[in-house]
Q: 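My structure is below; once you've seen it, I'll send some questions.
Every heavy atom of this structure was used, including side-chain atoms; hydrogens, water molecules and symmetry mates were not.
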Amino acid sequence: MDRVFKALADPTRRLLLDRLREHNGRTLQELCEHLSMARQSATQHLDVLVRAGLVTVVRRGRERLHYLDPGPIHRIEERWISEFDRPRLQALGAIKHQAEEYAMTEAPQPVPTYVYVTYIRASAEQVWKALTDADLTARFWGHANVSDWQPGSTWEHRRVDGSDKVDVVGRVIEAEPPMRLVITFEDPLGTEAPGGGSVVTFLVEPHEDIVRLTVTHENLPDREMLEGISQGWPAVLANLKSLLETGEVLPQAPWDM
């Protein structure tokens with residue numbers, strides 16, 4: 001908590017957070033635009049935000065994309081605000097939000113990219129196999145992900161309830177075992193939005209006996225899908241983590257909660 005308050009005390013760091021709130025997933029160059037400071041100084045401010053848990057960095061090729069993580073601020077709210085005056089503040093916040101919506105233009109707002117990071121006690125090879133083996137995905141996901149996982153190939157998200165119904169299809173864009181897998185998520189009925197299917201990137205980064213698994217889901221068609229995956233991905237990845245660390249999935253399907 002000390003690191004969070006220290007990070008928020010600086011106006012430049014608050015400005016960086018505001019820029020990520022406006023448009024998540026920015027590079028260092030994008031964040032430094034119109035800032036009267038050297039890139040090295042901006043990098044130092046971002047390092048403080050990362051150590052405080054307010055910003056998550058995702059590497060994509062040679063780029064480092066920065067994403068806002070509201071978790072620490074939410075914990076501050078829970079500790080000092082929620083117990084005392086949440087109903088009144090929520091009402092005031094709703095009024096303010098609605099007034100701002102009326103004041104904004106009617107142009108559609110972009111849907112944010114979803115990013116989830118988890119740490120697993122396993123090897124990169126074990127995580128890769130869990131993500132691409134049909135039998136293993138059937139255990140922790142409730143669907144068998146079927147493909148040869150070669151760039152350009154298709155993949156299917158098949159139910160394992162005996163119906164073999166395919167709920168999601170897609171293409172393999174990139175496959176670099178055991179570190180990086182990029183696939184599209186598309187409607188099997190071909191009713192995608194004009195921008196095409198959404199794109200999911202699995203980034204597996206090993207460190208000694210653990211790996212950091214970062215899942216990035218972008219090009220989402222609407223906020224309804226964002227809300228759905230915001231509940232779905234944590235449940236699926238919790239089951240994956242349990243399977244790799246204990247040999248068993250969670251006692252109950254987490255997405256049923």
Q: Could you report the tightest heavy-atom contact between L220 and P112, atom names first, then the distance?
A: CD1-O, 3.6 Å

Q: Is there a donor-acceptor pair closer than 3.5 Å between any side-chain N or O of S153 and the backbone N or O of Q150?
A: yes

Q: Counting N and O atoms only, with roles assigned by atom type, does the side chain of D69 sit under 3.5 Å from a partner on the main chain of V55, one being a donor and the other an acceptor?
A: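 Looks like no, no N/O pair under 3.5 Å.
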
Q: If every non-hydrogen atom of V146 is compared with every non-hydrogen atom of A134, which pair is closest and at what distance?
A: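 So the two residues come closest at CG2-CB, 4.3 Å.
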
Q: Can any side-chain N or O of T137 pair as donor or acceptor with the backbone N or O of N145 at less than 3.5 Å?
A: yes

Q: Establish whether V117 and L65 are linked, either directly or via other cluster members, by ILVMFWY side-chain heavy-atom contacts under 4.5 Å.
A: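 As far as the 4.5 Å side-chain criterion goes, L65 and V117 are connected within one cluster.
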
Q: Looking at side-chain heavy atoms only, is the closest gap between T216 and T113 below 4.5 Å?
A: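 Side chain of T216 against side chain of T113, heavy atoms only: contact under 4.5 Å found.
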
Q: What residues, two or more places apart in sequence or in another chain, satisfy side chain to side chain donor-acceptor pair (under 3.5 Å) together with R13?
A: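 By the side chain to side chain donor-acceptor pair (under 3.5 Å) rule, R13 matches H45.
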
Q: Using modelled atom types and a 3.5 Å cut-off, is there a donor and acceptor pairing between side-chain atoms of S147 and backbone atoms of T154?
A: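 The answer is yes, because a donor-acceptor pair under 3.5 Å joins these two groups.
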
Q: How long is the straight-line distance from CG of L8 back to CG of L17, given to the nearest 0.5 Å?
A: 6.5 Å

Q: Where do G25 and L20 come nearest, in terms of heavy atoms and distance?
A: N-CD2, 4.4 Å

Q: With rounding to the nearest 0.5 Å, note down the distance linking CD1 in I173 to CD1 in I183.
A: 8.5 Å

Q: Step through the shown structure and confirm whether more than 12 heavy atoms of other residues, nucleotides or ligands are within 6.0 Å of CZ on R121.
A: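 No, the 6.0 Å shell around CZ holds no more than 12 heavy atoms from other groups.
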
Q: For D2, does the CG atom have more than 12 heavy-atom neighbours from other residues, nucleotides or ligands under 6.0 Å away?
A: no

Q: Do you know the tightest heavy-atom contact between L244 and Q126?
A: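 Of all heavy-atom pairs spanning L244 and Q126, the closest is CD2-O, 4.0 Å.
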
Q: Return the orientation label for the W155 and F185 ring planes: parallel under 30°, perpendicular over 60°, tilted otherwise.
A: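 Rings of W155 and F185: tilted, as their planes differ by 30° to 60°.
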
Q: Look at the side-chain heavy atoms of Ile, Leu, Val, Met, Phe, Trp and Tyr, link any pair under 4.5 Å apart, and say whether V168 and F202 land in one connected group.
A: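 Yes, same cluster.
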
Q: Side chains of residues 225-240: which donor-acceptor partners sit under 3.5 Å, not counting sequence neighbours?
A:
| residue | atom | partner | partner atom | Å |
| --- | --- | --- | --- | --- |
| S230 | OG | L226 | O | 2.6 |
| W233 | NE1 | H217 | ND1 | 3.0 |
| N239 | OD1 | L250 | N | 2.9 |
| N239 | ND2 | F140 | O | 3.1 |

Q: Tell me every residue that passes side chain to side chain donor-acceptor pair (under 3.5 Å) with R180, counting only those two or more places apart in sequence or in another chain.
A: E174

Q: Strictly below 4.0 Å, N to O, side chains only: are D167 and R159 in salt-bridge contact?
A: yes

Q: Please tell me whether V115 and L54 are part of a single hydrophobic cluster in this structure, the criterion being side-chain heavy atoms less than 4.5 Å apart.
A: no

Q: Is there a donor-acceptor pair under 3.5 Å between the side chain of R19 and the backbone N or O of L31?
A: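 Answer holds: yes.
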
Q: Which heavy atom of V160 sits nearest to which heavy atom of G142, and what is that distance?
A: CG2-O, 3.2 Å

Q: My understanding is that only residues two or more places apart in sequence, or in another chain, count here; which of them pass ring-ring contact (aromatic ring centres under 6.0 Å, His included) with Y67?
A: none

Q: What distance separates H66 NE2 from N24 CG, expressed to the nearest 0.5 Å?
A: 11.0 Å

Q: Going hydrophobic residue to hydrophobic residue with side-chain gaps under 4.5 angstrom, can you get from I120 over to V204?
A: yes

Q: In the single-linkage hydrophobic clustering (I, L, V, M, F, W, Y; side-chain heavy atoms under 4.5 Å), do Y116 and V211 co-cluster?
A: yes

Q: Under the salt bridge (Lys or Arg N to Asp or Glu O under 4.0 Å) rule, what pairs show up with a residue in residues 242-253, not counting sequence neighbours?
A: R139-E248, K241-E245

Q: At what distance, to the nearest 0.5 angstrom, does CZ of R26 lie from CG of L16?
A: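 That separation rounds to 10.0 Å.
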
Q: If the condition is side chain to side chain donor-acceptor pair (under 3.5 Å), which residues does R212 pass it with, not counting sequence neighbours?
A: E205

Q: Can you name the nearest heavy-atom pair linking A122 to V127, along with the distance?
A: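 Closest approach of A122 to V127: CB-CG2, 4.3 Å.
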
Q: To the nearest 0.5 Å, what is the distance between OG1 (T12) and CG (L46)?
A: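 Going from OG1 on T12 over to CG on L46, the span is 10.5 Å.
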
Q: Rounded to the nearest 0.5 Å, how far does CD of Q29 lie from CD of E63?
A: 9.0 Å

